[in-house]
Trainee: 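Sharing a structure, written as structure tokens. Questions coming.
Everything numeric in this text was worked out from a predicted model, so none of it was measured. Each chain gets a letter, A, B and so on, in the order the sequences are listed, and its residues count up from 1. Values below: every heavy atom of this structure, side chains too, minus hydrogens, waters and symmetry copies.
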Amino acid sequence: MRVVTWNVNSLHARLGRVREWLEANGPDVMLLQETKLRDEAFPSEVFTALGYESAHAGQGQWNGVAVLSRVGLTGVTRGLSDGEARLVGATCGGLRVYSCYVPNGRALDDPHYAYKLRWLDELRGLLAGRDGALPVVVAGDFNVAPADRDVWDPAALEGMTHVSHPERAALEGIVATGLVDVVRALHPDEPCFTWWDYRGGAFHRGWGMRIDLVYVDAALAPRVRAAYVDRDARKGVKPSDHAPVVVDLDP
DNA sequence: ATGTCCCAACTTTTGGGA
């Protein structure tokens with residue numbers, strides 16, 4: 001079973017790339033972030049034609065998350081207490097999956113940073129309270145690089161968001177509910193960046209960060225066969241600034 | 001590090017967000 005997360009930075013702008021990617025890679029479950037669509041504008045018929053059921057939590061201009069599945073899709077839940085469209089959960093193929101778009105934070109002294117930490121703590125609480133009936137997969141754009149090896153130059157980012165101790169501690173709290181950062185577990189020595197700024201030729205200079213993460217239930221860890229970033233999807237015409245992260249599980 | 005992209009709208013250019 002193949003589970004993928006991808007921040008598409010507008011599903012309207014990216015629909016052609018997403019459709020191509022689905023056809024070429026055949027994920028069973030696809031978690032999308034930053035659809036930037038109202039629910040009425042979500043192109044579910046495009047995904048239906050490709051064999052996917054879908055659930056979308058949209059709000060329009062900003063945010064928006066979705067789950068696509070060709071292995072069943074039930075039990076949809078949307079959002080946290082903030083009312084923004086940053087979380088959607090569903091049961092697909094015997095897994096409880098969540099597509100997450102964590103607030104950016106903007107800067108350490110910005111109110112949005114405190115909101116980001118509150119949001120991560122609320123997600124931790126939700127995961128800590130899970131009943132364990134189904135193994136969970138929590139994936140998406142966390143807007144946090146878990147460790148220094150997850151950024152191209154830690155010195156250049158000092159004092160900025162995405163790398164601060166409280167943000168990293170918040171991720172550790174989520175892991176402590178019984179999850180595994182599966183890409184890092186399988187590739188301890190590679191950067192595995194998932195995002196490169198559009199500006200400044202960042203992609204070609206290697207100025208990236210690993211901020212799109214797939215956390216799987218510790219109970220699922222023995223079933224993980226592969227976990228990798230599809231860096232090629234960051235290339236070409238009108239790419240997202242994020243690359244998809246792919247995880248293959250034994251059935 | 002900032003040479004871009006995407007969206008909305010008091011829309012054909014600007015400002016906000018990432």
Trainee: Within a 6.0 Å radius of atom CD on A:E40, are there more than 12 heavy atoms belonging to other residues, nucleotides or ligands?
Mentor: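 It does: A:E40 CD has more than 12 such atoms within range.
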Trainee: For A:R205 and B:dG3, give me the distance from atom CZ to atom P, rounded to whole Å.
Mentor: 10 Å
Trainee: When you compare B:dT4 with B:dC10, how far apart are their C1' atoms, in angstrom units rounded to a whole number?
Mentor: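 Looking at atom C1' only, B:dT4 and B:dC10 are 26 Å apart.
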Trainee: For B:dA18 versus B:dA1, give the span between their C1' atoms, rounded off to a whole number of Å.
Mentor: 16 Å
Trainee: Under the ring-ring contact (aromatic ring centres under 6.0 Å, His included) definition, can you give me all pairs with a residue in residues 24-64 of chain A, not counting sequence neighbours?
Mentor: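 Sorted pair list: A:F42-A:F47, A:F42-A:H56.
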Trainee: Show every ring-ring contact (aromatic ring centres under 6.0 Å, His included) that has at least one partner inside residues 130-150 of chain A, sequence neighbours left out.
Mentor: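 Passing the test, one end in residues 130-150 of chain A: A:F142-A:Y215.
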Trainee: For A:P239, give me all partners under side chain to side chain contact (heavy atoms under 4.5 Å, CB included), at least two apart in sequence or on another chain.
Mentor: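 Here the qualifying residues are A:R17, A:R234.
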Trainee: For A:R199, check side chain to side chain contact (heavy atoms under 4.5 Å, CB included) against everything at least two apart and list the hits.
Mentor: A:D197
Trainee: Treat primed atoms plus P, OP1 and OP2 as sugar-phosphate and everything else as base, then score nucleotides 5-18 of chain B 5' to 3': B for base contact with protein heavy atoms under 4.0 Å, S for sugar-phosphate contact only, - for none.
Mentor: SSSS--------SB
Trainee: Quantified in whole Å, what is the P atom distance between nucleotide B:dT11 and nucleotide B:dG15?
Mentor: 14 Å
Trainee: Please measure how far the P atom in B:dC6 lies from the corresponding atom in B:dT2, and state the result in whole Å.
Mentor: 22 Å
Trainee: Under the salt bridge (charged side-chain N to carboxylate O under 4.0 Å, His left out) test, which residues partner A:E53, sequence neighbours left out?
Mentor: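 Applying salt bridge (charged side-chain N to carboxylate O under 4.0 Å, His left out) to A:E53 gives none.
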